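Fair warning: this is a prediction, and the values are worked out from it, not measured in the lab. Side chains included, hydrogens not; waters and symmetry mates left out as well; all remaining heavy atoms used.
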Amino acid sequence: MSAIVGKKLGMTQVFTEDGSSVPVTVIEAHPNKVTAIRRADRDGYDAVQLAADPVTPGDKLTRAELGHLKKAGASAMRTLVEFRGAEVGAGPAAGEEGEASEEGESEKADSGDVKVGDDVTVSSFEPGQRVKVSAVSIGKGFQGTIKRHNFGRGPETHGSHNVRAPGSIGASADPARVFKGMSMPGQMGARRVTQRGAHVFDVDAERNLLLIRGSVPGGKNATVEVRSDG
């Protein structure tokens, strides 16, 4: 499995050789650092942990966070994500020629030769590859049932008082309460979403860019997780 953490820059269009335009989402993914490897015999599951998004000057990390990153030879990074159960395409860190920390040498993933201290880049993806993208969706605040759950509305004429009302939400004396999980007004968006069925349209390794064709959750500058799907 190919996987990487990046930032959603926005949308654009790319023209193919036959002149047709293709809408794509641009994701900037600088090299991620492998900071930990989870193993089923020790941790109960198999996973590879990646670090991304270097912190800006003035931002602070705890000493525990800095110590964890230092073990992998990583600079101060804000985001740590674990990708479970599969191979993550990685290469030796720049300038290290395959060398890693003592912990990294002993921690090798069952799915490949990935070890702590390696770099993961967009080069692990290929054009045409099917991927799924995870991110926190755009928050839309408190919304009614029509926008939130696609309810229909009532008539607007002949004295109707049920234009956008939600309608009945339960029975009468029995059970004399509203069941949990009813489709009602409430907070919409601002939750983790995984969108499947997208494809990698192109990979620009020089500029650390992924061009994704398909729906990508999150707003501009949102942190997104891209991994191969199937």
Applying the side chain to side chain contact (heavy atoms under 4.5 Å, CB included) test to Asn32, which of Asp53, Leu50, Val81, Asp119 qualifies? Leu50
Let's go through Val48 and Val120 carefully: what are the C-alpha distance in whole Å and the side-chain angles of both, what is the deciding distance for side chain to side chain contact (heavy atoms under 4.5 Å, CB included) to 0.1 Å, and is it a yes or a no? CA-CA 11 Å; Val48 177; Val120 177; over 6 Å; no
Heavy-atom closest contact (Met11 atom, Thr25 atom, distance): CG-OG1, 3.7 Å
Determine, using the 4.5 Å side-chain heavy-atom cutoff (strictly less than), whether Val55 and Leu66 are members of one ILVMFWY cluster. yes
Using a cut-off of 6.0 Å, state whether more than 12 heavy atoms not belonging to Arg192 lie near its atom CZ. yes
Just checking, any donor-acceptor pair under 3.5 angstrom between side chains of Gln143 and His149? no
If you count every heavy atom of other residues, nucleotides or ligands that lies below 6.0 Å from Asp41 atom CG, does the total exceed 12? yes
If two hydrophobic side chains count as joined below 4.5 Å and joins carry through other members, does Leu61 share a cluster with Leu80? yes
Exceeds 12 heavy-atom contacts within 6.0 angstrom, atom CD of Glu126: no
Distance-only donor-acceptor check, side chains Asp18 and Ser20, under 3.5 Å: yes
Quick check: closest heavy atoms across Gln129 and Ser2, and the distance to 0.1 Å? NE2-OG, 3.7 Å
Val203 and Val122: which non-hydrogen atoms are nearest, and at how many Å? CG1-O, 3.5 Å
Is it true that Glu65 and Lys70 make a salt bridge, defined as a side-chain N closer than 4.0 Å to a carboxylate O? no
Closest approach of Ala36 to His68 (non-hydrogen atoms, all atoms of both residues): CB-CE1, 4.1 Å
Look at Asp46 together with Arg38 and state whether they make a salt bridge at an N to O cut-off of under 4.0 Å. no
